[in-house]
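Right, one structure below, let's go through it.
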Amino acid sequence: MFFSTPSFPLRSALLAALLAVGLAAHAAPPNHSGTLTLLTTSEPTALVTIGNVATPILSVSAKVTEGLLKYDYDVNPQPQLATQWTISPDGLTYTFTLRQGVKWHDGRDFTSADVAYSIELLKKIHPRGRNTFANLTAIDTPDKYTAVLRLSKPAPYLIRALVATETPIVPRHIYEGTDPASNPNNNAPVGTGPFKFKEWVRGSHIVYERNTDYWDKPKPFVDQLIVRFVTDPAAAAVAFETGTVDLGYRTPVPLADLERLKKVPALRFETKGNSYSSNVTRLEFNLDNAYFKNEKVRQAVAHTVDRNVIVKVVNYGYGQVSYSPIAPGLKAFHDPAPSPYAVDLKKANALLDEAGYPKKAGGVRFSVPLDFNPIGADGARLADYLRSTLARIGIAVTVRAQDPSAFIKRIYTDRDFAFTTNGASNLFDPTVGVQRLYWSKNFIKGVPFSNGTHYQNPVVDKLLEDAAVENDRAKRLKLFKDFQDTVARDVPDLNLYQPVFITIANQRVHDHSLTADGVESNLADVWVDGAKK
């Protein structure tokens, strides 16, 4: 199996034609002028995704730190730091030819040694790297521009896992011999990308400048990229209305404001650029918690939560109900079967009685805190709904808010929580995006967005491990179907809905979402009308 740009002449011709049509609709890209201001609703805790894949970090990492491949809307691989690649017929050897003449921002050459070091590092500390590269046994570097990945078993998903944010290639000469988790490069990165890091003003913004030595000249087309943190949802909406920001993704404003903002002539709305990451919003139980380790308590909650109400009322219709741990966006794998625990308050109350938690004076059985992930504009609304609906069965909920850093520490390091609302990216394949959440071997304290529930089921472990190496498509689908059935009965969490993500851009911004990862890409192709200084 061989892939490279020349291997698809027809596809390349069609793409070129489409790009020509797109560019004909407006003037040609400017010659390196203007400033692009990207809004994020939370400040990142780091600027490279080697050990944390929280959305704010995803939004900035690839601007500096690139990957071997990028992907079209259908998640077909395209060249980035690798120019071509082959996969052996048995699926055990991946050979990458690397781009020559690429420089790190400090002037050092990019080589296969950087690729080998980065992938080995990601296997150890990346939230998903542990299962993505579980079958990787060796990386050979026969020369400066060839990297060969050798696997003990097939990994049918692997060729789609090499985007910049998922498998970032970092400079070996900066990380080697250090603690990678605390390396200064995480906060002031050196990369190969179109933008160079300039400064990070905590609590305010990040400034990136055009890399004049970028390997893909004449890109990038803007002189400066400013990432501005606007944590107040109302202020974010105003920023788009007034033109003080140019671009934001994953619905960066309150859903309640969307219809009003769609009437602003200067704004454009886009849903493309989200196909690399199908997300699910979940209610995660801490299975070490005194209450939620009891399966009957979790089942009672499941009988109380109405997903249709959440989508229609809490999420203003911008979402699709999901009962499954695999998102509806992964159509081939998703099981649309309803939950075995239909909405039934009578049954929920009976289960809590059986669990030994009778109603006391005032109708309260017990009290628990609920932590919501603050990354995103509407997490508090979902938490308020859950507080209100669980009160109907005697569970008194106190909603607890905190900033993203405190949230991640509480859930994944301190494990000082009862249950939490969270978002999980399924990415392009369940082995990469879903397994990490349910695989007992991925319960790793301190690693964000891993198995935070502390779910342990040897049957599920085997189903996931078998699916990860199964090349027969029908057999693989059956393994994931059995996985979904088992998790649905065990209720370590409640998968609620897949949100519809909307990118908002000022009309002066062009070509911001040309790939499967949209705004999370390196933005090398973006250009702006005029020179906003």
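Nothing fancy with the numbering, it's 1 onward along the sequence. The basis for the numbers below is simple: all heavy atoms, side chains too, and nothing from hydrogens, waters or symmetry mates.
- Screening residues 120-131 for side chain to side chain donor-acceptor pair (under 3.5 Å), with sequence neighbours left out, gives R128-E166.
- The salt bridge (Lys or Arg N to Asp or Glu O under 4.0 Å) contacts involving residues 103-113 comprise K103-D109, D109-K144, where partners must be two or more places apart or lie in separate chains.
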Go through the steps for L122 and I50 under the test side chain to side chain contact (heavy atoms under 4.5 Å, CB included), then give the verdict.
CA-CA 6 Å; L122 293 166; I50 59 168; 4.2 Å; yes
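- With sequence neighbours excluded, the residues satisfying side chain to side chain contact (heavy atoms under 4.5 Å, CB included) with S322 are S324, P328, H334.
- Residues W439 and E465 form a side-chain contact, since some pair of their non-hydrogen atoms from C-beta on lies under 4.5 Å apart.
- By the neighbour-count criterion of 12 heavy atoms within 6.0 Å, atom NZ of K217 is densely surrounded, having more than that number from other residues, nucleotides or ligands.
- Considering R250, K70, K63 as possible partners of E520, the one that fulfils the salt bridge (Lys or Arg N to Asp or Glu O under 4.0 Å) test is R250.
- Not one N or O on the side chain of K219 forms a donor-acceptor pair closer than 3.5 Å with the backbone of W215.
- Ring-plane geometry between W200 and F229 is classed as perpendicular, the angle between the planes exceeding 60 degrees on a 0 to 90 degree scale with a lower cut at 30.
- The aromatic rings of F483 and Y438 sit perpendicular, their planes meeting at an angle over 60°, well past the 30° parallel limit.
- Within the 4.5 Å cutoff, the side chain of K409 has no heavy atoms near those of the Q402 side chain.
- T146 is linked by a side-chain hydrogen bond (donor to acceptor under 3.5 Å, both in side chains) to D143, counting only residues two or more places apart in sequence or in another chain.
- E199 is linked by a side chain to side chain contact (heavy atoms under 4.5 Å, CB included) to V201, H205, V207, counting only residues two or more places apart in sequence or in another chain.
- The salt bridge (Lys or Arg N to Asp or Glu O under 4.0 Å) pairs that include a residue from residues 170-185 are R172-E176, where partners are two or more places apart or lie in different chains.
- A search for side-chain hydrogen bond (donor to acceptor under 3.5 Å, both in side chains) contacts involving N187 returns nothing, not counting sequence neighbours.
- With no hydrogens or angles considered, no side-chain donor-acceptor pair links N442 and N451 at under 3.5 Å.
- Between the side chains of S405 and D403, no donor-acceptor pair of N or O atoms lies under 3.5 Å.
- Here N185 pairs with Y175 under the side-chain hydrogen bond (donor to acceptor under 3.5 Å, both in side chains) rule; sequence neighbours left out.
- For residues 429-438, every residue pair satisfying the salt bridge (Lys or Arg N to Asp or Glu O under 4.0 Å) rule, not counting sequence neighbours, is listed here: D429-R476.
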Contacts table for residues 92-102: side-chain donor-acceptor under 3.5 angstrom, sequence neighbours left out:
from: Y94; atom 1: OH; to: A155; atom 2: O; distance (Å): 3.1
from: R99; atom 1: NE; to: Q80; atom 2: O; distance (Å): 2.8
from: R99; atom 1: NH2; to: Q80; atom 2: O; distance (Å): 2.8

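- Heavy-atom neighbours of R473 CZ from other residues, nucleotides or ligands within 6.0 Å: at or below the threshold of 12.
- With respect to V230, the side-chain contact (heavy atoms from CB on, under 4.5 Å) criterion is satisfied by exactly one of L39, T40, V253: L39.
- A donor atom on one side chain and an acceptor atom on the other are found under 3.5 Å apart for T178 and N183.
- Checking E66 against N522 by side-chain atom types alone, a donor-acceptor pair falls below 3.5 Å.
- Checked by atom type, the side-chain pair S440/D461 shows a donor-acceptor distance below 3.5 Å.
- For residues 37-61, no pair satisfies ring-ring contact (aromatic ring centres under 6.0 Å, His included), with sequence neighbours left out.
- The side-chain hydrogen bond (donor to acceptor under 3.5 Å, both in side chains) check on T165 picks up nothing, with sequence neighbours excluded.
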